[in-house]
Amino acid sequence: MVEPVVPPSAPAPATAPILELHNLTAHFGHIQVLRGISLTVNAGELVCLLGSNGAGKSTTLLCASAIHHASGGSVRFLGEDLTRAAAHTVVARGLVHVPEGRRIFPKLTIDENLIMGAWLRRDRAGIARDRERMLDLFPILRDRLRQAGGTLSGGEQQMLALARALMAAPKLLLLDEPTMGIAPLLAERIAATIRSLNRDGLPILLVEQNARLALRLAHRAYVLENGSIAMHGPAAELAHDPRVTAAYLGGEG
Amino acid sequence: MTRFLRRWSWFLVFALAALVPLIDLVLPARLRITGMLVPVVTYALVALGLNIVVGFTGLLHLGSAAFMAVGAYAFAILTAPCFPIQCGFWPGLALATLAGALAGWALALPTMRLRGDYLTIVTLGCGEIVRELLKNLEPLTKGTQGINPLPPPALPWVTFTAAQPIPFYLLFLALLAGAVVVCRNLRHSATGRAWTAVREDELAAKSVGVRTDAAKRSAFTWGAGLCALGGALAASYSTGVEPSIYDFQMSVIILCIVVIGGMGSIAGVLIGAVVMMGFNQVGVPLLTGLMGGGAEAHPLLDANNWKFLIFGLALILAMRLRPEGLLPAREVRAELHHDPDESDQEAVRAGDLR
Amino acid sequence: MNGAFLSQLLIDGTTTGLVIALVALGYTMVYGIVELINFAHGDIVMLGAMLFLTLIGLLGLDHAGQSWLARHPWVALAVLVPACATFGAAVAWTVDRVAYRPLRHLPKLTVLVTALGCSFVISNLGLLWGGLPLAVFGGGRAPSSPKSVPDLLPTLNLLGADSVVFLGTKEALVLGLCLPLMAALTWFVRCTRLGIAMRACAQNPVAARLMGVNVDALISLTFVIGGALAGVAAVAYATYHGTVQFQLGYNLGVMAFTAAVLGGIGNLPGAVLGGLVIGLVQAATTLWLGSDWTNVVVFLVLILTLVFRPNGLLGTQMREKV
């Protein structure tokens, strides 16, 4: 990677917890996917969730955003219990989930996709301002406002998905594999955007397969194995933990 | 003992069914049941045919009445005294079945490229076309007046008369047993496995070398053949055919036999036929009696005017309470019993959200 | 064959076709969002037509000139159209809420059979409704026979009394109901927030939920809009064709669904185009072959179209959800 490793600006103030998952368990049919996950995202923090395929990273996010309902444990967001909430009410509280893969609306125009992001907001002025902000953040989108979302490339669709989520004015962003299957150059741009969003104060819970990238961005990290937390700690420390380097960083330091 | 039962269960079921007319010997004339059982058997045959298309192959077919009609009319034209050729019951029956199979094959030709609901609407349309053609092609079909009389079955030493349903019942039951054997063998043949593959995942089937088009075509052909056989038998029993019988409601009733009984399950289809026809033949007259209706009563008190309401409600309830049917095939049951969150997850995972 | 002859064909075909298209829009909208052939939809039109005829009877509109309302048929229609639309919307909402919503996660065939069940129930209710002892139903002695709808509007040729081509007030009513409604629907779906959300749900319901969209509420809204269109179509159908019968739901429903498929299911302009094509084909067939052949020709056109364009005239490649 071209960019030098920059440590996060300042250790985030580990005070007010935004999202707390407590002893979360989840099943799909008879298969238990999560076996008691506890994790916290504090104000201003960028936390990443590492783990191999099928470890339960995406499921953790799905449970947090109430798309999938946990079978046990609790989800608290800004002090409120959301374990059994309906998915559309979770967004209203400011918890916004950008799911894995290309989840944009392919036949809606890019503008309409952005409008959908602000579905629950009623402040017209604020929406218009945020729309401008998104188009400044991702200039590619401005050029193609009237084009169907499905005509964008994979990386551009990911940017659209991110912009659409930000249109909801989130208080916490859940990002699932934002750089998967995307050309390295675009992936770097997306990573830079994520970091700058966080520096502006937005707490983010990031799921990434690219552990190197994730540990570079995050303040803290959790490592998931077989549905439970195997390790957690400051990202900088984990990046040098021999078990992490062996399993997720290809043995390098 | 259980092993013995499993191996011989089909034989036992049919042996018991063949003994049912004995009950009539002790019942008073107005309670005799064999006459009601004949339609159960013919509809079971038709439904077994549809089950090949809907249950085994997973193609939703809403025009099965048309294939019954093809069988019935082919039989009528080949055997009725008002036409130049009278080839007799058995050749007529064989040729009617063949004609149905041919019609099924012909319908399959233009529909192979169609998927899902596009196929459904085309089968429905074909049903309508056949019904209208029966009405409009006067010289061949005698239009709305229909064709009658039709000959009863012919066997040495047995006479078939309208007053005596027991020989009809036993003969049709034997043919049904034959159809069950054919269906079971088909399901476990290479063709049957191709049908299952198409039902489970057409793309995957194609990628492992299953000739899906040929599989669908053969499903339509076999299915239509059985439907036609059932149609011809029903026509022979009722000694006449007319076009209005073979309408959309008939197609839906046959579909419901399959779905309520249990899609893809041969035993389920037979149970479904008993339940559906039982309602029609026993339930409705009983209800008419209860409502005090008769020929002179106000039409709102005639149970025939409530039949489809009750029938529709029963369908809705059946789908709510037991969507897999009364005696489901194993794989269908597994498919239907998982919690809603899980299917969400599958949708999320598979990225199959259009 | 001359110009007048062709124009007449065009007027008749367009009028029939627009009624079909209005019904087809309900099919295609519901299909677009829940992938269900809502077989009960045609029967909702039938029920709306029954209500229309009942209200005509109750308001005394069948006795021309006897009451103020009967002397002002346009005012009467301005009351009856919203009434039937509201009724259609209410029935459609109820059907979805009671019968379809609990099955939303089950395979398509389960819901489809439920839809067939609903269709049977509603058409049977229509049959019983026709048995009510009302003068407009002929006293209700023959519930299943066709009931004639009294002419509310005066019979006159809008193109002038001596014109060879006939464009009557009924045709004008159909045009006046269908075209603005279709325009309004197009505007709603293309330009409003709710319309965008509706399309978003059709494309990706899970992503729509992640945006905070209450998908169930939007599905209900779709049924309500479809039902309201069915209510209006009921008035248009009953006025234009002049008879109402409990089986009209099936006949009109099959034609409308065929129209939706012909145009490409899930596609709103496609439904209108399909409706117009079928209307014109029906008119032409009736003229040249006789009305006995209309269904045969319509379905042959459908099959031929699908052979060459498997996704309908305006449809795009549909991905099958298994």
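Proteins get letters first, then strands, A, B, ... in listed order; numbering begins at 1 in each.
In this structure, chain B has a heavy atom under 4.5 Å from the side chain of C:F39, while its backbone stays farther away. Of the atoms belonging to B:I129, heavy atoms from both backbone and side chain fall under 4.5 Å from chain C. Contacts of B:T120 with chain C are made by side-chain atoms alone, with heavy-atom separations under 4.5 Å and no backbone atom involved. Using a 4.5 Å cut-off between heavy atoms, B:I260 makes no contact with chain C at all. Heavy atoms of B:L317 lying under 4.5 Å from chain C are absent altogether. Contact of C:I37 with chain B is made through the side chain alone, with heavy-atom distances under 4.5 Å. For a residue to count as touching a neighbouring chain, one of its non-hydrogen atoms must lie under 4.5 Å from one of that chain's; by this rule C:Y250 touches chain B with the side chain only.
The distance from the CD1 atom of B:I310 to the CG atom of C:N124 is 8.0 Å, given to the nearest 0.5 Å. Here the OG-CD distance, from C:S123 to B:Q249, works out to 6.5 Å after rounding to the nearest 0.5 Å.
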Test side-chain contact (heavy atoms from CB on, under 4.5 Å) applied to C:I122 and B:F308, step by step: CA-CA 9 Å; C:I122 297 178; B:F308 280 98; over 6 Å; no

Verdict with reasoning, C:L116 to B:F248, per side-chain contact (heavy atoms from CB on, under 4.5 Å): CA-CA 11 Å; C:L116 290 168; B:F248 179 66; 3.9 Å; yes

B:I121/C:I265 under side-chain contact (heavy atoms from CB on, under 4.5 Å): CA gap, chis, key distance, verdict: CA-CA 11 Å; B:I121 187 75; C:I265 186 123; over 6 Å; no

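Ranked by non-hydrogen atom pairs under 4.5 Å with chain B, the options C:D292, C:T114, C:V307 are led by C:D292. Your options are B:L124, B:L60, B:V130, B:N136, and the one with the most heavy-atom pairs under 4.5 Å with chain C is B:N136. Contact count against chain B (heavy-atom pairs under 4.5 Å) is highest for C:V113 among C:L112, C:L103, C:V113, C:L125.
Residues that satisfy the side-chain contact (heavy atoms from CB on, under 4.5 Å) test with C:V98, not counting sequence neighbours, are C:T94. Legend: residues meeting ring-ring contact (aromatic ring centres under 6.0 Å, His included) with C:Y27, ordered by chain and number and at least two apart, are C:H41, C:F257. Listed by chain and number, the residues in a side-chain contact (heavy atoms from CB on, under 4.5 Å) with B:T144 are B:K135 (sequence neighbours excluded).
A 6.0 Å sphere centred on CG of B:L203 holds no more than 12 heavy atoms belonging to other residues, nucleotides or ligands. Heavy-atom neighbours of C:W293 CH2 from other residues, nucleotides or ligands within 6.0 Å: above the threshold of 12. Counting heavy-atom neighbours within 6.0 Å of B:W306 CH2, excluding the residue itself, gives a total of 12 or less.
Minimum heavy-atom separation, B:P323 to C:T110: CB-CG2, 3.7 Å. Of all the heavy atoms in C:I303 and B:C126, the pair that sits closest is CD1-SG, 3.9 Å. Between C:N311 and B:Y118, the closest heavy-atom pair is O-OH, 3.3 Å. Heavy atoms only, all atoms of each residue included: C:L128 and B:N305 are closest at CD2-O, 3.5 Å.
Residues of residues 294-302 of chain C having a heavy atom under 4.5 Å from any heavy atom of chain B, listed by number: C:N295, C:V296, C:F299, C:L300, C:L302.
No donor-acceptor pair under 3.5 Å is formed between the side chain of C:Y31 and the backbone N or O of B:D117.
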